[in-house]
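Here's the structure we're looking at; comments come further down.
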Amino acid sequence: MRPGVTPHHISPLLPFHHGVTDYDVGGFSGVSRDGKFLWLVRGPVIEVLDSTSRRRLAAWAFGVTIKDTHSYITCVKEYCYGNSPKLLVGVCNAQQTSMLGVLDLQSSRLSKVIEIPHKINSVEVVTNVGGDFIPMWALNDQLRLFDGIIAVGTISGIVYLIDMCMDENIHSDEVMPSKLQYITPRSRDTADRRRQAIAKRNHLCLVLDEESHGNLFKYRRCDGTELKSFNPSDVIVTCLKYIPQIGTLVIGFSFGSYQLWKLNVPVLEYSSRVEEDSGSVLHVAYQEPENDPKNFCYLWIIRGCDTEDEETISSAALYQLAYNKKTWYSNYGAFYEELTSVSLRFDLEMTANLFNGASNTTVSSRAITGYTLEDPNYKPPAKLQEEESFEESVHGPDLSRCLFVWESTESSQKTYQMAVFDMNRWYHAQMPATLRGVGGNLATCSYLSIHSLDEAVGNSAHDELLAVHILTNSLSKFINTSPLPPEQHFYPASLAFDALLIMESGLIKCQFLGTQRQVLASMEKIGPSVLLNCKEQYNLCILMGLLPRPLDVSSHNPTTAQMREQLLTMALEYNMLPFLNRCIQDWSPGAVRLNAYAIDNQNQYSRRENLRIAGINEEEGEDLFSVLVTICDAMNLKLNKSDIVSCHRVGKKGIQNNNRTVILRTTRDFKAKIFANKKGLHVKEGNSSNRVSSQVIVTAHSSFVNSDNGVHVNSVKEGNSSNRVSSQVIVTAHSSFVNSDNGENSIDTSVQNTKSESVKSNSCDSVKVLALNVCDLKSKLKSPELEVLCNNYDILCFSESKLDQYDVINIKHFKSLPPLNRKNAKRKSGGIIVFVRDYLFENVEVLNSSNENVLWFILDNNVFDYATLFGAVYIPPESSNYSNIDIFDVLERDIIKYTAETRCKVCLLGDFNAHTGTKTDFTEINDYVLNSVQLEDVINSVNLETLGIDVSRNSLDLSVNNYGNRLLQLCQNIELLIVNGRLGKDKGIGAFNL
């Protein structure tokens with residue numbers, strides 16, 4: 001089956017909030033032009049419902065006030081006058097007469113009721129204005145005196161043009177209905193007669209072709225020649241359609257013929273021939289092609305039986321109307337005049353299988369609806385621009401598409417079809433007379449798209465499909481960004497739209513994506529597995545114009561890799577980012593992210609054999625190899641030239657008192673030897689011109705985290721020489737890390753320290769951070785164990801401090817940062833407070849915290865050789881009233897903001913109440929995926945094993961909650977690593993947090 005035949009999305013049956021009384025007589029429905037409301041009819045009851053909320057807007061039961069139990073509604077038509085929506089309702093009863101009622105939807109009452117002398121069967125709006133607003137080229141002088149003209153068709157074949165007198169306050173009801181007062185086209189005192197009728201609270205009425213009515217109904221040609229006579233009781237006006245573009249009222253009869261009446265005379269312009277065994281004219285639709293140089297327009301005449309009792313097959317016939325003149329009018333648009341010919345151009349049988357007529361087994365079919373897909377909000381231009389004509393600037397409303405819906409019966413099984421006919425594409429296909437075979441189930445007709453409603457109707461159990469409405473504002477073409485889009489993308493099968501199905505007890509909403517969008521959506525739904533055996537998908541994309549068609553199809557035999565590459569490229573061109581993300585996620589152990597840090601990670605990975613050496617005096621014409629030999633000798637290492645890949649200084653040359661850093665690229669083995677022997681770093685005094693400065697700092701140029709939750713630096717006693725090596729060899733950890741503890745716990749995080757002037761006098765070689773959920777700090781400070789514990793750390797992060805603005809907490813040798821206390825709480829709860837050693841306090845900058853769940857502060861680069869952003873976190877449990885998973889979004893936004901401003905490293909610690917189990921928290925990208933989507937220069941991952949970090953993360957708690965999933969996503973997005981179960985004393989354990 002061709003993609004797009006069935007709906008992409010089908011809602012369940014949405015029941016009406018107010019049901020209609022179940023009568024045995026009649027049952028039909030309709031939708032307003034803009035789709036905002038609909039009406040349901042069952043017997044004498046009409047109920048108007050909002051199409052969105054499905055709540056009742058108005059309702060009326062005919063016959064109740066006059067106690068007539070035989071009343072039933074035969075026809076309904078939308079009628080807008082001013083800003084008040086109304087419905088015209090035709091009602092019959094046991095008598096020979098009938099009524100035309102005007103139901104006001106705002107008041108839910110009948111504003112007018114007119115008695116019709118014959119049984120009414122159809123109603124149509126000719127105009128809802130009067131006086132000077134009626135175009136003189138469309139209606140004659142008599143009709144222009146009317147204010148609101150309604151055409152009414154009856155069971156005896158008579159058509160009335162009724163003046164609704166909307167400019168007069170004539171109120172009537174079922175008890176006292178208004179009467180009709182007749183005039184003829186020959187009447188000359190129409191204005192006086194109208195005043196007399198209004199005085200009697202009656203309405204003027206013009207009878208079309210009154211000479212055809214008598215003892216027999218005479219069906220005539222425009223020249224008066226009688227084609228056939230009928231018994232009046234056998235003739236029914238089954239359909240009325242007024243077309244303003246040609247000023248013509250189309251009258252459809254129960255014997256299958258139709259007439260065209262030009263209302264500016266009025267005169268009969270055309271009568272179709274009488275055909276035996278032809279179904280009734282049920283619907284009429286009007287279409288115009290775009291930019292036709294000839295004055296052609298088209299009528300669809302849909303014939304069939306509107307009941308299920310007869311075994312007839314409905315059909316739709318397209319007739320071409322040729323005119324001599326086409327004139328453009330301001331505030332109106334195009335108007336065709338002087339009809340010259342009417343000819344049949346296309347015929348469509350409404351069967352279950354349109355494209356395979358040879359195997360057609362349809363027993364009967366019933367046309368449900370047929371109408372032009374027209375923008376209800378279109379308004380013609382009021383005036384021309386200077387030096388411009390309507391022909392050059394205005395094309396009028398788009399009337400090129402038409403909708404058909406029918407029900408077919410095959411072997412007692414019902415099927416439902418919907419078709420969209422595109423007039424412009426039919427022109428492009430050389431205007432074929434019948435529907436041609438399109439060559440298989442996957443091929444597409446260029447001008448007619450067929451859709452199946454079986455699955456949607458099946459959602460309503462035993463309900464009948466009453467009406468179908470397409471929301472015209474949802475119609476959209478498939479967009480292809482290439483300079484020359486394939487022809488298939490202009491077919492009606494490529495259209496996306498939303499459809500509303502009105503059933504007997506509720507609504508069903510359907511979404512159709514069109515052929516190309518459906519292929520892409522199906523591919524995205526299946527996911528990466530569609531690329532495993534991708535030949536079928538590849539051929540389908542070529543057939544639908546999503547991939548370029550090869551010049552020689554017979555010799556085209558691409559490899560699987562080539563097909564995958566083209567499909568992935570196509571996915572990238574059509575912004576299928578979720579599909580590409582799933583490909584990367586499924587084809588790699590971890591998840592993926594695309595952000596500004598990825599390029600930095602790639603560079604870091606390329607530097608894994610690099611060392612940075614700072615503090616070497618820079619001289620003109622220096623020999624860096626000799627200097628490096630001296631440094632290696634101090635570590636009892638022998639350096640050969642073969643061990644050096646490259647060696648050079650970086651930075652801007654020539655700045656006074658600035659010795660540029662030396663970058664040494666060596667082998668991985670020799671780099672490991674340097675770090676293994678860094679304790680023995682000594683340099684004796686010498687008189688070499690290439691002197692070593694008083695402080696030499698050797699730094700790893702790659703990213704890693706030490707397995708002991710930090711990097712500890714061993715000191716070496718300083719010598720007395722002016723040309724001495726520094727007492728410190730510093731190895732920098734570049735990776736960020738995060739703790740996911742969810743209980744009262746502590747984290748011993750030691751971070752290496754290059755002492756600045758502000759901390760030079762202190763003897764500690766690392767900064768140790770404690771994170772602890774204290775659950776009321778004031779009470780815990782009374783415990784001596786906490787005091788002893790705090791003395792071992794430099795930074796204390798307490799969550800659930802349960803303090804307020806009046807509490808003052810002092811800890812010896814520590815200073816407090818401004819605390820975050822929970823506001824507007826009935827009792828003390830939550831809260832975060834951080835204490836910093838006195839000697840570190842001036843190196844701490846407190847940042848603005850966007851909520852009370854995280855306290856941000858930075859240790860500047862005087863403490864480390866880079867700034868470090870710390871976030872002390874407390875997130876309430878999921879069951880708490882203060883719980884909000886959006887807190888993780890705030891954390892992510894803050895981290896991105898602060899790291900972009902300061903280029904700092906990140907450490908999150910605290911109580912997240914997140915259960916992460918052993919799920920992956922990092923990104924590792926498969927090279928094949930990177931090459932396939934051509935993102936190898938943008939995405940890269942850190943090889944954790946080369947950094948001494950276990951890829952797997954242990955945890956005795958295997959449960960995962962919503963917070964845990966969100967924390968893992970945060971880690972993957974911001975490149976954080978969870979410490980628990982991976983580093984330090986908890987490595988390989990992942991103990992419970994108590």
Side-chain angles (χ1 to χ4, degrees), residues 25-26 28 68 70-75 90-100 114-124 150-162 179-180 182-185 205-241 249-261 266-284 301-315 317 342 364 366-367:
V25 181
F28 60 93
D68 184 353
H70 300 286
S71 298
Y72 59 94
I73 299 171
T74 58
C75 53
V91 183
C92 294
N93 48 41
Q95 303 175 4
Q96 291 299 317
T97 59
S98 60
M99 291 183 296
L100 175 65
I114 303 172
E115 184 180 285
I116 308 298
H118 297 84
K119 288 186 178 294
I120 186 172
N121 190 71
S122 57
V123 63
E124 172 68 355
I150 302 300
V152 171
T154 65
I155 288 182
S156 59
I158 302 175
V159 176
Y160 301 98
L161 298 180
I162 301 175
K179 306 292 184 179
L180 294 180
Y182 303 100
I183 62 172
T184 67
C205 170
L206 177 66
V207 181
L208 286 181
D209 199 12
E210 58 182 351
E211 297 178 359
S212 298
H213 305 287
N215 295 329
L216 294 175
F217 174 81
K218 300 175 182 178
Y219 183 69
R220 305 185 306 162
R221 290 194 179 99
C222 55
D223 58 1
T225 305
E226 181 180 323
L227 290 173
K228 191 173 182 178
S229 297
F230 297 89
N231 189 320
S233 61
D234 297 332
V235 178
I236 303 175
V237 177
T238 53
C239 180
L240 291 172
K241 178 70 175 179
L249 179 66
V250 183
I251 304 174
F253 295 99
S254 55
F255 50 85
S257 300
Y258 66 94
Q259 290 181 332
L260 305 180
W261 281 83
V267 64
L268 176 62
E269 269 197 316
Y270 177 77
S271 293
S272 67
R273 63 183 182 180
V274 180
E275 298 181 0
E276 297 296 332
D277 300 326
S278 179
S280 304
V281 177
L282 302 178
H283 305 281
V284 174
I301 304 297
I302 303 173
R303 298 181 177 92
C305 181
D306 56 357
T307 65
E308 301 178 8
D309 299 334
E310 300 183 26
E311 292 188 353
T312 59
I313 294 179
S314 300
S315 64
V342 178
S364 63
R366 177 177 64 92

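In what follows, residues are counted from 1 in the order of the sequence shown.
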Quiz item: So, do Leu206 and Pro266 sit near enough that their side-chain heavy atoms are less than 4.5 Å apart?
Solution: yes

Self-check item: Test side-chain contact (heavy atoms from CB on, under 4.5 Å) applied to Thr74 - qualifying residues, sequence neighbours left out
Solution: Tyr72, Cys92, Ile120

Self-check item: Distance in Å, Leu268 CG paired with Asp223 CG, rounded so as to fall on 0.5 Å steps
Solution: 9.0 Å

Quiz item: Do you know the tightest heavy-atom contact between Ala94 and Asp68?
Solution: N-OD2, 4.4 Å

Exercise. Assert yes or no for the condition that the ring centre distance of Phe255 to Tyr219 is strictly below 6.0 Å.
Key: yes

Exercise. Take Val152 and Val159 through the test side-chain contact (heavy atoms from CB on, under 4.5 Å) and record every step on the way to the result.
Key: CA-CA 6 Å; Val152 171; Val159 176; over 6 Å; no

Quiz item: Roughly how far, to the nearest 0.5 Å, is CD1 of Ile302 from OG of Ser280?
Solution: 13.0 Å

Exercise. With the side chain counted from C-beta on, respond yes when Arg273 and Leu227 share a heavy-atom pair under 4.5 Å apart, and no when they do not.
Key: no

Quiz item: Do you know which two heavy atoms are closest between Cys75 and Asn121, and how far apart they sit?
Solution: CB-O, 3.6 Å

Exercise. First locate atom CH2 of Trp261, then atom SG of Cys222, and finally report the distance between them rounded to the nearest 0.5 Å.
Key: 10.0 Å

Practice problem: Any chance you could measure His213, atom NE2, to Thr154, atom OG1, to the nearest 0.5 Å? | Solution: 7.5 Å

Self-check item: Shortest non-hydrogen contact between Val274 and Lys228, atoms and distance
Solution: CG1-CD, 4.0 Å

Self-check item: Pair Phe28-Ile73, side-chain contact (heavy atoms from CB on, under 4.5 Å): steps then yes or no
Solution: CA-CA 9 Å; Phe28 60 93; Ile73 299 171; 4.0 Å; yes

Practice problem: Provide the closest heavy-atom pair for Gly214 versus Pro232 in the form atom of the first, atom of the second, distance. | Solution: O-CG, 4.0 Å

Quiz item: Roughly how far, to the nearest 0.5 Å, is SG of Cys205 from CD1 of Ile183?
Solution: 8.0 Å

Quiz prompt | Donor-acceptor contact present, side-chain Ser271 to main-chain Arg220, <3.5 Å | solution = yes

Exercise. To the nearest 0.5 Å, tell me how far Lys119 NZ sits from Gln96 CD.
Key: 6.0 Å

Exercise. Kindly indicate whether the side chain of Ser257, heavy atoms from C-beta on, has any atom under 4.5 Å from the side chain of Ser272.
Key: yes

Self-check item: Side-chain heavy-atom pair Val237, Phe253 within 4.5 angstrom cut-off
Solution: yes

Exercise. Measure the shortest side-chain to side-chain distance between Val281 and Ile301 over non-hydrogen atoms and say whether it is less than 4.5 angstrom.
Key: yes

Quiz item: Quick one: side-chain contact (heavy atoms from CB on, under 4.5 Å) partners of Asn215, sequence neighbours excluded?
Solution: none

Quiz item: Considering all heavy atoms of both residues, which atom of Arg303 and which atom of Ser278 are nearest to each other, and what is their separation?
Solution: CD-OG, 3.3 Å

Quiz item: Got Leu208 and Leu249 here, is their nearest side-chain heavy-atom distance under 4.5 Å?
Solution: yes

Quiz prompt | Enclosure of Lys218 NZ (heavy-atom neighbours >12, cutoff 6.0 Å) | solution = no

Practice problem: Indicate the atoms forming the closest heavy-atom contact of Ser71 with Val91, along with that distance. | Solution: CB-CG1, 4.2 Å

Quiz item: With a 4.5 Å heavy-atom cut-off, do Tyr160 and Pro117 have their side chains touching?
Solution: yes

